Participant: 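For reference, the structure I am asking about is given below.
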Number of protein chains: 2
Amino acid sequence: MKTLVLPALDRPEGITTHDYAFSRLRQAIMVGAFRPGTSVTIRGLADALESSPTPVREALRQLTSIGALQFLQNRRIVVPRISPARFEELISLRIVLESHAARRAVAHLSDRQIDRIAVLDDGIEAAILSGQKAQALIANQEFHRQIYSANPDQVAVPLIESLWLQLGPILGIAMEHVNEFYVVDRHREAIDALRRRDENAVAEAIAADIREGIGGFDQQAIGKLLALAG
Amino acid sequence: MKTLVLPALDRPEGITTHDYAFSRLRQAIMVGAFRPGTSVTIRGLADALESSPTPVREALRQLTSIGALQFLQNRRIVVPRISPARFEELISLRIVLESHAARRAVAHLSDRQIDRIAVLDDGIEAAILSGQKAQALIANQEFHRQIYSANPDQVAVPLIESLWLQLGPILGIAMEHVNEFYVVDRHREAIDALRRRDENAVAEAIAADIREGIGGFDQQAIGKLLALAG
DNA sequence: TTCTGATAAATGTGATCACAAAAAGAAATT
DNA sequence: AATTTCTTTTTGTGATCACATTTATCAGAA
């Protein structure tokens, strides 16, 4: 196996090797650094991360548990391929989960928090305008995360995060085409609905945001996006 | 720390120690063998499982990833406590996820598969009648699993399984009181709706099944069940 | 040329160890 | 007696090794 190169990630002081390995692998998956179908090995990843195999093994157990990597019967670990049908299920589930999480968060959000979420949205716009699409994707996730996490018992957040991770590479491609895919500002609609404490309107804006963020949710649009993703 | 005793579980031939450890710990959590708030240690579990710490460490990474155990900032791993608010979120999410999964499965189910699901339901009834409540809980999960998994791309299944696991001990208590909590046979309604390929009716029967399976979804009913759970 | 079997290499698994960090217990101080 | 500090024990982490399993390669036979 050729020497593997992972995208760089700063390592904070005092973080365990395992936590760093997990974060770095998670980021690599999110940005599509592994081609779908690729097999990864413990020792290969440990070399790339300059660690021993143990933290990598533990990180891989986590990543397979949240669906980011796939554990095969022959004990190999591979980066999952996403078929059009699976993509459709992932987006459908994202719509269901995030709409639900948004509803369950409305009662917990203060005006101050909503203001901060609006500032996050401005940051997304700025990143898109300055061409920083990867930054915009991260900021978009933070926008959504801040809404849902307003409910302290929001069980859905780790589930939603796992979907974002599985969809990460494709959503990155969609973000590269944001100017043609995304016409109506659904974030603005969601923020307005949050201010009105209108659960239905929030859920609908989030659902529309997800559908439109991928250029539409019909077979043609999905086929187009998956073709772009290779 | 006192010597820990885990519920017994047969170990299939050829299974890795890690897979056995994970399955056995998962079962222990499901049946409420650990008191909520309890701290577990790697070496303690390894002793109880008669293994070295390595497979246990990897199993713990999995169990914390699916929410069955909680990783604390001081590196301790504890069995989560379930507050009434969190319980409400878990059940709400279960309703949303399982309704969605049922809808997305309807188009994939053959008459033969529906017949087999009906047989599973008979098995649940038989287990309840003969007082085998633990067996009934397992069979109930299998009933649901067979419906949802009919869709080969059903991304929601592992998420649903993680909710079942988090709710396992409490659902076990509810099953002990099934004769007072559960009056209308929603499984039968779901099966009939499956035969008619009526997505809405299936989703509604599943949702009602979940609500009524815990004796109701109002504050009083939740309070009553959580009091029973201790 | 293709298939089969044997061998070598790669890869996953489990055990063990030493070290780092946190918790518990004991001693000293206020 | 209560609090603080120091010491000991417990517990998590990472490294390394040997063994088990899977994959790849090579040689010989058909």
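From a predicted model like this one, the values you see are computed outputs, not experimental measurements. As a basis for the values below, the full set of heavy atoms in this structure was taken, side chains included, without hydrogen atoms, waters or symmetry mates. Order of the sequence lines fixes the chain letters, A, B, ..., with proteins taken first and strands second; residue numbering starts at 1 for each chain.
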Participant: My understanding is that only residues two or more places apart in sequence, or in another chain, count here; which of them pass salt bridge (charged side-chain N to carboxylate O under 4.0 Å, His left out) with B:D122?
Facilitator: B:R188
Participant: Provide, to the nearest angstrom, the distance between the CZ atom belonging to B:F71 and the C1' atom belonging to C:dA21.
Facilitator: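 Going from B:F71 (CZ) to C:dA21 (C1'), I get 12 Å.
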Participant: Between C1' on C:dA20 and CD1 on B:I42, what's the gap in Å once rounded to a whole number?
Facilitator: 13 Å
Participant: Between C:dG14, C:dA23, D:dA15, which one does the side chain of B:N74 approach most closely?
Facilitator: C:dA23
Participant: D:dT9 P sits how many Å from B:R76 CZ, rounded?
Facilitator: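 To the nearest whole Å, that distance equals 16 Å.
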Participant: With distance as the sole criterion, is a donor-acceptor pair present between the side chains of B:Q113 and B:S110 under 3.5 Å?
Facilitator: yes
Participant: Could you state the atom-to-atom distance from CG of A:D47 to C1' of C:dG12 in whole Å?
Facilitator: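 Answer to the nearest Å: 15 Å.
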Participant: Is there a salt bridge (charged side-chain N to carboxylate O under 4.0 Å, His left out) between A:E161 and A:R26? Walk through the geometry before answering.
Facilitator: CA-CA 11 Å; A:E161 296 264 3; A:R26 184 178 180 278; 3.2 Å; yes
Participant: Please tell me which of the listed nucleotides, C:dA21, C:dG12, C:dG14, lies nearest to the side chain of B:P55?
Facilitator: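 For B:P55, the side-chain atoms sit closest to C:dG14.
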Participant: Answer yes or no: does a side-chain N or O of B:S52 lie under 4.0 Å from OP1 or OP2 of C:dA15?
Facilitator: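 Looking at the OP1 and OP2 atoms of C:dA15, one of them is under 4.0 Å from a side-chain N or O of B:S52.
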Participant: Counting side-chain heavy atoms from C-beta on, which of C:dG14, D:dG14, D:dT13 comes nearest to B:H18?
Facilitator: C:dG14
Participant: Would you mind reading off the distance between A:D19 atom CG and C:dA20 atom C1', rounded to a whole angstrom?
Facilitator: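 The distance from CG of A:D19 to C1' of C:dA20 comes to 15 Å, rounded to the nearest Å.
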Participant: Please report the distance, rounded to the nearest Å, between CZ in B:R75 and C1' in D:dT10.
Facilitator: 13 Å
Participant: Is there a donor and acceptor pair, one atom on the side chain of A:R57 and one on the base of D:dG14, closer than 3.5 Å?
Facilitator: no
Participant: Side chain to side chain donor-acceptor pair (under 3.5 Å): which pairs involve residues 221-230 of chain B, sequence neighbours left out?
Facilitator: none
Participant: Checking the side chain of B:Q141 only, and the main-chain atoms of B:I138 only, is there a donor and an acceptor separated by less than 3.5 Å?
Facilitator: no
Participant: OP1 or OP2 of D:dA15 sitting under 4.0 Å from any side-chain N/O of A:T54?
Facilitator: no
Participant: Between A:E58 and A:P53, which residue's closest nucleotide on DNA chain D lies nearer the 5′ terminus?
Facilitator: A:E58
Participant: State whether the distance check finds a donor on one side and an acceptor on the other, under 3.5 Å, for side chain B:R43 versus base D:dG12.
Facilitator: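 Indeed there is one.
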Participant: In whole Å, I'd like the distance from the CZ atom of A:R61 to the P atom of D:dG12.
Facilitator: 19 Å
Participant: Assign each of B:Q73 and B:E50 to its nearest nucleotide of DNA chain C by heavy atoms, then name whichever residue's nucleotide is nearer the 5' end.
Facilitator: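 Mapping each residue to its closest nucleotide by heavy atoms, the 5'-most match is B:E50.
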